**Q** 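One structure is given below, represented as structure tokens, and several questions about it will come after.
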Amino acid sequence: MEMKTALTIAGSDSSGGAGIQADLKTFSALGVYGMSVITAVTAQNTQGVFGVEELSEKIITGQLDAVFQDIPVDSVKIGMLSNAEIIQIIARKLRVYQPHHVVLDPVMVSKSGYDLLRPEAKAALIEHLLPLATVLTPNLKEASVLVGHPVETLSDMKEAAKALAEKGPQAVLVKGGHLQGEAIDILYDGEKWRTFEGKRIATKNTHGTGCTLSSAIAAFLAKGHSLEEAIQRAKQYIQGAIAHALELGHGAGPTHHFHEWYTATGSKQG
Ligand SMILES: Nc1ncnc2c1ncn2[C@@H]1O[C@H](COP(=O)(O)OP(=O)(O)OP(=O)(O)O)[C@@H](O)[C@H]1O
Ligand SMILES: Cc1ncc(CO)c(N)n1
């Protein structure tokens, strides 16, 4: 059986709702073989982040070389990077190994307000990683930080997507999960805009939505779909994962990755 592969380069979430854990669950539910390079370990649950420990250059490099020198990587998803040194290590290795697809989720601050990227590392992210991305997936706050002014409306999102595409990524998907009203995401691919609409689900259980969306895009790219097709399918997947989110913990419960509901809802498409 031919198996496509995806690699997540991200932080660990001890509560299993976001980060590496969400990414691997998403890959698995979508039928892609998942691998991981861990950049940092967080002590985290549904209520917040309580601590972060960044891994050393040596072990991050070691993980990247171990994976890329042994197993074909069809697609890469990048999440929490924590600091500028880690950003430079990843950028250097991506330039060496040149994976076909890189989904870059510019994770900056957790829902509870904890810095998952040191603020001074923003410049390194823009300089070294944006140019290597197939698609960059900022939420409204991340888009605001990256363009340097507030991004709050659909027209701000369109403008920010275009401005960010000019900094190097092949495409930019600005996510509207934090908009008022429907959950609308806007893609700019260097030539045109496309809107992906999702019905807003009224729930507090949205821990890991951003990680899940970006790893689902990476999974569908690994399977050979075009970027627009991959985003369309990932959007359907996140909609189901939020609709079936789990009432676990005392805060924002995690999205649910369950192959059976995905197939049962008729959403399974290769
Ligand atoms: N309540 C909701 N109902 C439907 N879709 C949602 C909802 N919240 C978020 N989404 C969708 O989930 C995806 C992730 O978007 P969001 O803007 O929440 O990312 P994020 O802020 O990076 O996530 P995180 O807080 O996990 O970092 C987007 O496609 C967004 O439109
Ligand atoms: C490890 C990790 N990565 C990303 C996020 C963003 O939701 C988080 N909360 N934790």
Side-chain angles (χ1 to χ4, degrees), residues 8-26 36-55 77-82 86 103-117 135-146 151-152 154 157 160 173-187 194-217 230-245 249 251-256:
T8 168
I9 303 173
S12 164
D13 167 6
S14 48
S15 67
I20 288 280
Q21 290 81 358
D23 298 340
L24 291 175
K25 290 173 195 181
T26 303
S36 64
V37 165
I38 299 182
T39 55
V41 175
T42 70
Q44 179 175 178
N45 61 25
T46 62
Q47 296 178 290
V49 177
F50 307 103
V52 172
E53 201 149 308
E54 295 159 345
L55 298 199
K77 173 251 156 92
I78 302 178
M80 175 184 177
L81 295 169
S82 209
I86 295 177
V103 181
L104 176 57
D105 189 10
V107 171
M108 292 184 186
V109 180
S110 74
K111 281 204 168 81
S112 57
Y114 198 104
D115 276 339
L116 300 175
L117 179 72
V135 61
L136 175 74
T137 63
N139 64 17
L140 294 183
K141 264 197 219 136
E142 292 152 355
S144 305
V145 171
L146 291 170
V151 177
E152 291 166 349
L154 287 174
M157 289 165 72
L173 181 73
V174 179
K175 299 174 292 187
H178 303 275
L179 282 170
Q180 306 291 332
E182 302 303 7
I184 296 169
D185 304 344
I186 294 183
L187 176 73
R194 179 167 164 191
T195 300
F196 297 87
E197 298 196 15
K199 260 215 131 358
R200 177 162 302 278
I201 300 161
T203 176
K204 67 172 174 48
N205 298 327
T206 54
H207 184 66
T209 52
C211 303
T212 300
L213 181 79
S214 55
S215 48
I217 296 171
I231 294 173
Q232 180 72 44
R233 289 169 191 236
K235 188 76 180 145
Q236 243 182 322
Y237 182 75
I238 187 65
Q239 197 78 23
I242 298 172
H244 294 77
T255 56
H256 189 30

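Note that the structure is a prediction, hence the values are computed from the model and not measured. When a ligand or atom number is given, it counts from 1 through the structure's own listing order.
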**Q** Polar-atom distance check: N139 versus ligand 1, any N or O pair below 3.5 Å?
**A**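 Yes: some nitrogen or oxygen of N139 is under 3.5 Å from one in ligand 1.
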**Q** Distance-only, no hydrogens or angles: does the N45 side chain make a donor-acceptor pair with backbone N or O of G48 under 3.5 Å?
**A**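 Looks like yes, one N/O pair under 3.5 Å.
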**Q** Among all protein heavy atoms in this structure, tell me which lies nearest to atom 12 (O) of ligand 1, with the distance rounded to 0.1 Å.
**A**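 Protein heavy atom at minimum distance: I238 CG1, 3.7 Å.
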**Q** Below 4.5 Å, heavy atoms only, C-beta onward: do S144 and V151 meet side chain to side chain?
**A**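 S144 reaches V151 side chain to side chain.
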**Q** Is any N or O atom of G177, backbone or side chain, closer than 3.5 Å to an N or O atom of ligand 1?
**A**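 Yes, since at least one N or O of G177 sits under 3.5 Å from an N or O of ligand 1.
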**Q** Going by the order shown, which atoms of ligand 2 are within less than 4.0 Å of some heavy atom of S12?
**A**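 Once the distances to S12 are compared, the set is 1 (C).
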**Q** Between the side chains of S112 and Q47, does any donor sit under 3.5 Å from an acceptor?
**A**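 No donor-acceptor contact under 3.5 Å links the two side chains.
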**Q** Identify, for atom 5 (N) of ligand 1, the protein heavy atom at the shortest distance, and state residue, atom and that distance.
**A**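 The answer is A183 CB, 3.3 Å.
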**Q** Closer than 3.5 angstrom, by distance alone: can the side chain of K25 be matched with the main-chain N or O of G16 as a donor-acceptor pair?
**A**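 Answer holds: yes.
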**Q** Which heavy atom of the protein is the closest neighbour of atom 18 (O) of ligand 1, given with residue, atom name and distance?
**A**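 Answer for atom 18 (O) of ligand 1: T209 OG1, 3.1 Å.
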**Q** Among protein heavy atoms, which sits nearest to atom 5 (C) of ligand 2, and what does the distance come to when rounded to 0.1 Å?
**A**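 Protein heavy atom at minimum distance: L116 CD1, 3.6 Å.
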**Q** Using a 3.5 Å cut-off on N or O atoms only, is G210 in polar contact with ligand 1?
**A**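 So ligand 1 has an N or O lying under 3.5 Å from an N or O of G210.
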**Q** Among all protein non-hydrogen atoms, which one is nearest to atom 19 (O) of ligand 1, and what is the separation to 0.1 Å?
**A**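 Sorting protein heavy atoms by distance from atom 19 (O) of ligand 1 puts K175 NZ, 3.5 Å first.
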**Q** Which one of K111, K141, R200 has a non-hydrogen atom at the shortest distance from atom 25 (O) of ligand 1?
**A**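 It is K111 that holds the nearest heavy atom.
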**Q** Strictly under 4.0 Å, does any heavy atom of K199 approach an atom of ligand 1?
**A**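 Judged by the 4.0 Å heavy-atom criterion, K199 does count as contacting ligand 1.
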**Q** Nearest protein heavy-atom contact for atom 9 (N) of ligand 2: which residue, which atom, what distance?
**A**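 Protein heavy atom with the smallest distance to atom 9 (N) of ligand 2: Q44 OE1, 2.8 Å.
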**Q** What protein heavy atom lies closest to atom 11 (C) of ligand 1? Include the residue and the distance to one decimal.
**A**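 The closest heavy atom on the protein side is K235 NZ, 4.0 Å.
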**Q** Taking only heavy atoms of G11 into account, list the atoms of ligand 2 that are under 4.0 Å away from them.
**A**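 Selected atoms, number and element: 1 (C).
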**Q** May I ask you to identify the nearest protein heavy atom to atom 21 (O) of ligand 1, giving residue, atom name and distance to one decimal place in Å?
**A**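 Result: H178 NE2, 2.7 Å.
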**Q** Compare every heavy atom of Q21 with every heavy atom of D13, then report the nearest pair and how far apart it is.
**A**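 Taking every non-hydrogen atom into account, N-OE1, 2.8 Å.
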**Q** Can you see whether S214 engages K77 through a side-chain donor-acceptor pair at a distance of less than 3.5 angstrom?
**A**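 A donor-acceptor contact under 3.5 Å links the two side chains.
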**Q** If we only count heavy atoms from C-beta on, is the I231 to L187 side-chain gap below 4.5 Å?
**A**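 Yes; the side chains approach each other to less than 4.5 Å.
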**Q** Does K111 approach ligand 2 within less than 4.0 angstrom via side chain, backbone, both or neither, non-hydrogen atoms only?
**A**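 Neither part.
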**Q** In the protein, what heavy atom is nearest to atom 29 (O) of ligand 1, and what distance, to one decimal place, separates them?
**A**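 Here the nearest protein heavy atom works out to D185 OD2, 2.5 Å.
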**Q** Could you state the interatomic distance from OG1 (T39) to CD1 (I86), rounded to the nearest 0.5 Å?
**A**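 So the OG1 of T39 and the CD1 of I86 are separated by 5.5 Å.
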**Q** Does T203 reach the main-chain N or O of N205 with its side chain, forming a donor-acceptor pair under 3.5 Å?
**A**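 Yes, T203 side chain to N205 backbone: donor-acceptor pair under 3.5 Å.
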**Q** With distance as the sole criterion, is a donor-acceptor pair present between the side chains of T255 and T212 under 3.5 Å?
**A**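 Checked: T255/T212 side chains pair up, N/O donor to acceptor below 3.5 Å.
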**Q** G19 heavy atoms, cut-off 4.0 Å: which ligand 2 atoms fall inside?
**A**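 Numbered from 1, ligand 2 contributes 1 (C), 2 (C), 3 (N).
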**Q** Closer than 4.0 angstrom: is that true for some heavy atom of G79 and an atom of ligand 2?
**A**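 Judged by the 4.0 Å heavy-atom criterion, G79 does not count as contacting ligand 2.
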**Q** Show me which atoms of ligand 1 lie under 4.0 Å from any heavy atom of G208.
**A**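 What qualifies from ligand 1 is 26 (O).
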**Q** Does ligand 1 come near enough to H207 that some N or O of the ligand is less than 3.5 Å from an N or O of the residue?
**A**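 No, since none of the N or O atoms of H207 sits under 3.5 Å from an N or O of ligand 1.
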**Q** Got a donor-acceptor contact below 3.5 angstrom from the E54 side chain to the A40 backbone?
**A**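 No, because the side chain of E54 does not come within donor-acceptor range (under 3.5 Å) of the backbone of A40.
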**Q** Would you find a donor on one side and an acceptor on the other, under 3.5 Å apart, between the side chain of Q232 and the backbone of F196?
**A**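 Here the side-chain-to-backbone pair does not exist.
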**Q** Check whether T42 reaches the backbone of S12 with its side chain - one donor and one acceptor, N or O, closer than 3.5 Å.
**A**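 Such a contact is found between T42 side chain and S12 backbone.
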**Q** Are C211 and ligand 2 in contact, using a heavy-atom cut-off of under 4.0 Å?
**A**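 Within the 4.0 Å threshold, so yes.
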**Q** Is it the case that ligand 1 has an N or O less than 3.5 angstrom from some N or O of E142?
**A**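 For ligand 1, there is no N or O atom that lies under 3.5 Å from one belonging to E142.
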**Q** Checking a contact table here: which protein heavy atom is nearest atom 10 (N) of ligand 1, and how many Å away?
**A**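 The closest heavy atom on the protein side is I242 CD1, 3.7 Å.
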**Q** Could a heavy atom of A18 be found less than 4.0 Å from some atom of ligand 1?
**A**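 It does not; every heavy atom stays at 4.0 Å or beyond.
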**Q** Do any nitrogen or oxygen atoms of S110 come within less than 3.5 Å of a nitrogen or oxygen of ligand 2?
**A**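 N/O-N/O distance under 3.5 Å: no.
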**Q** Provide the closest heavy-atom pair for A216 versus Y237 in the form atom of the first, atom of the second, distance.
**A**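 Taking every non-hydrogen atom into account, CB-CD2, 4.0 Å.
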**Q** Does Q180 offer a backbone N or O that forms a donor-acceptor pair with the side chain of R200 under 3.5 Å?
**A**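 No; zero donor-acceptor contacts below 3.5 Å.
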**Q** Should T206 be counted as touching ligand 1, given the test is an N or O pair under 3.5 Å?
**A**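 For ligand 1, there is no N or O atom that lies under 3.5 Å from one belonging to T206.
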**Q** What I want to know is whether T203 and ligand 1 share at least one N or O pair that is separated by under 3.5 angstrom.
**A**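 No; the residue has no nitrogen or oxygen that sits under 3.5 Å from a nitrogen or oxygen of the ligand.
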**Q** Do L116 and S82 have side chains that approach each other closer than 4.5 Å (heavy atoms only, starting at C-beta)?
**A**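 Answer no - side chains too far apart.
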**Q** Which ligand 1 atoms are under 4.0 Å away from a heavy-atom of L213?
**A**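 Near L213, meaning under 4.0 Å from one of its heavy atoms, ligand 1 has 29 (O).
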**Q** So is there a nitrogen or oxygen of I201 less than 3.5 Å from a nitrogen or oxygen in ligand 1?
**A**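 Yes: some nitrogen or oxygen of I201 is under 3.5 Å from one in ligand 1.
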**Q** Distance from T46 atom OG1 to K111 atom NZ, nearest 0.5 Å?
**A**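 If we round to the nearest 0.5 Å, T46:OG1 and K111:NZ are 11.5 Å apart.
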**Q** With a 4.0 Å heavy-atom cut-off (strictly under), which part of V49 contacts ligand 2: side chain, backbone, both or neither?
**A**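 No part of V49 comes within reach of ligand 2.
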**Q** Would you call K175 and D105 a salt bridge, taking side-chain N to carboxylate O under 4.0 Å as the test?
**A**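 Result for this pair is yes, salt bridge flagged.
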